[in-house]
Asker: 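Quick one: the structure is below, questions incoming.
Side-chain atoms are counted along with the backbone in the values below, which use heavy atoms only and exclude waters and symmetry mates. Small disclaimer: the values here were computed from a predicted structure and weren't measured. So that the names make sense, note that chain A is the first sequence line, chain B the second, and so on, each numbered from 1.
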Amino acid sequence: MMTYIVFILSVIFVISFVGFSSKPSPIYGGLVLIVSGGVGCGIIMNFGGSFLGLMVFLIYLGGMLVVFGYTTAMATEQYPEVWVSNTTVMGVFLLGLLMEVMLVLYVLKSEEVGVVFKFSGVGDWAIYDTGDSGVFSEEIMGVAALYSYGAWVVIVTGWSLLVGVLVILEVTRGD
Amino acid sequence: MNPLIFTTILMTVLLGTMIVMMSSHWLMIWIGFEMNLLAIIPILMKKYNPRTMEASTKYFLTQATASMLLMMAIIINLMHSGQWTITKVFNPTASIIMTSALAMKLGLTPFHFWVPEVTQGISLTSGLILLTWQKLAPMSILYQISPSINLNILLTMAVLSILVGGWGGLNQTQLRKIMAYSSIAHMGWMTAVLVYSPTLTMLNMLIYIMMTLTMFMLFIHSSSTTTLSLSHTWNKTPLTTTLILITLLSMGGLPPLSGFMPKWMIIQELTKNSSIILPTLMAIMALLNLYFYMRLTYSTSLTMFPSTNNMKMKWQFETKRITLLPPLIVMSSLLLPLTPMLSILD
């Protein structure tokens with residue numbers, strides 16, 4: 001099972017995405033987001049990215065999703081929608097589940113999947129050994145590069161997030 | 001809206017388009033598109049009524065879908081070429097998906113359905129920004145990937161856009177919807193020549209933006225959003241009736257006005273590349289556009305409908321001062337003699 005752990009985790013990932021895309025009430029969407037965040041962290045860690053997996057749990061689940069959970073709890077309705085309460089939601093969920101099952105069977109039958117492009121196996125984050133400064137992993141070097149060579153990306157994404165908050169406040173403010 | 005917040009959000013719209021136009025990394029281009037989309041939503045929703053909110057929602061949904069398709073094309077390109085630099089697109093599938101995504105952003109057929117509805121639901125100034133500035137970013141990306149665009153798909157979308165833009169505008173009396181269909185048709189003209197000569201696409205974009213700016217400013221000046229209220233401009237500012245006449249005929253592509261220049265150049269470039277039926281069809285379908293422009297000029301400048309006597313002495317409130325209007329009017333009607341200067345672009 002351990003050789004297929006990434007595949008199993010990615011199937012659970014997609015099923016939880018289907019779970020919140022079928023639009024139950026937001027609090028249940030937050031529930032499957034937690035599951036998908038944890039499973040995504042597992043996928044990243046299997047490729048050797050322990051730092052980024054920790055980031056997912058701390059910042060994404062522990063920061064953003066907690067804030068989302070609190071705001072949803074403030075705006076909750078009396079009878080929230082579950083997946084089995086509404087025929088439409090259950091229908092969409094079952095449809096997504098069916099698509100995922102068919103894809104899994106296709107992947108398990110043939111060596112490689114060729115839907116839009118050929119996809120057979122995935123790579124790993126390489127571990128460099130430069131000799132003079134020891135061994136370091138590519139994934140942490142990527143994070144370091146973001147703050148040195150990629151300073152413009154940090155500025156642009158930071159500004160986008162700030163303007164996102166301003167826009168949301170402006171849109172929900174009303175007259 | 002708080003003026004400081006409004007300025008910040010407007011500057012972010014500009015910044016988003018600038019990032020799209022000057023980035024060499026596909027991911028930054030996608031970020032630029034998203035920044036642009038996010039920041040223009042409150043500008044579309046400046047007045048708080050259900051119509052603007054519905055229009056903003058429709059705009060957001062279509063543009064977000066287009067951004068998703070763009071991201072998918074970027075990733076397929078990455079898988080096949082291994083690099084993020086924006087040059088030509090290395091895989092035909094990625095090229096088709098990217099062309100469809102950019103066509104959705106521009107409002108080309110068959111993705112044109114959002115343009116009239118969104119333009120109608122928002123105010124005239126927001127519609128101005130929507131139909132002019134928002135076209136710059138997708139067009140710049142189309143310009144940069146033009147060597148690798150599938151010719152059949154792009155020409156089909158262009159010709160269908162010219163047809164839909166002409167045919168759809170025939171039954172309209174609302175000015176914003178007329179401008180929306182005019183935008184669809186002009187985008188069709190621009191993308192038809194993209195593969196043959198991208199310079200002419202940029203020329204057409206420049207002249208189209210000038211003419212659309214002029215038209216919208218004339219509408220804002222007389223505060224008219226329907227054909228009926230436009231036909232009362234003889235009463236408010238008699239001079240603008242002549243200016244509306246000239247600018248509308250320029251948009252229709254009549255010589256000796258500026259609007260003829262891009263159409264002439266495009267037809268010439270297409271015939272030089274041995275396609276004769278296509279520019280003939282395009283020129284014939286542009287006549288549909290000309291028809292509803294002429295109908296506007298007929299009711300505005302050429303005819304004064306019978307009216308009661310007290311209407312002839314209309315109370316004049318303070319007229320809006322629109323600074324850029326005179327230069328724009330001059331540029332959108334008198335640029336045709338400068339056509340030989342296009343030789344410097346080669």
Asker: Taking the side chain as everything from C-beta on, heavy atoms only, tell me whether B/Met28 gets closer than 4.5 Å to A/Trp152.
Answerer: yes

Asker: Mark yes when over 12 heavy atoms from residues, nucleotides or ligands other than B/Phe60 sit less than 6.0 Å from its CZ; otherwise mark no.
Answerer: no

Asker: Pick one of side chain, backbone, both or neither for B/Met1, based on which atoms fall under 4.5 Å of a heavy atom in chain A.
Answerer: both

Asker: Distance check, rounded to the nearest 0.5 Å: A/Glu170 atom CD versus B/Asn2 atom CG?
Answerer: 7.5 Å

Asker: Give, for atom CG of A/Leu166 and atom OG1 of B/Thr12, the distance between the pair rounded to the nearest 0.5 Å.
Answerer: 7.5 Å

Asker: Should the heavy atoms of other residues, nucleotides or ligands under 6.0 Å from NZ of A/Lys23 be counted, would the total exceed 12?
Answerer: no

Asker: Within the 4.5 Å heavy-atom criterion, are A/Val163 and B/Met35 side-chain neighbours or not?
Answerer: no

Asker: Given a strict heavy-atom distance threshold of 4.5 Å, which part of B/Ile19 is in contact with chain A: side chain, backbone, both, or neither?
Answerer: side chain

Asker: With a 4.5 angstrom heavy-atom cut-off, which part of B/Leu15 approaches chain A: side chain, backbone, both or neither?
Answerer: side chain

Asker: Any side-chain heavy-atom pair from A/Ser160 and B/Ile31 closer than 4.5 angstrom?
Answerer: yes

Asker: Does atom CZ (A/Arg173) have a neighbourhood of more than 12 heavy atoms from anything else shown, all under 6.0 Å?
Answerer: yes

Asker: Which bit of B/Leu38 is near chain A, if near means a heavy-atom gap under 4.5 Å: side chain, backbone, both or neither?
Answerer: both

Asker: Mark yes when over 12 heavy atoms from residues, nucleotides or ligands other than B/Lys47 sit less than 6.0 Å from its NZ; otherwise mark no.
Answerer: no

Asker: Using a cut-off of 6.0 Å, state whether more than 12 heavy atoms not belonging to A/Met99 lie near its atom CE.
Answerer: no

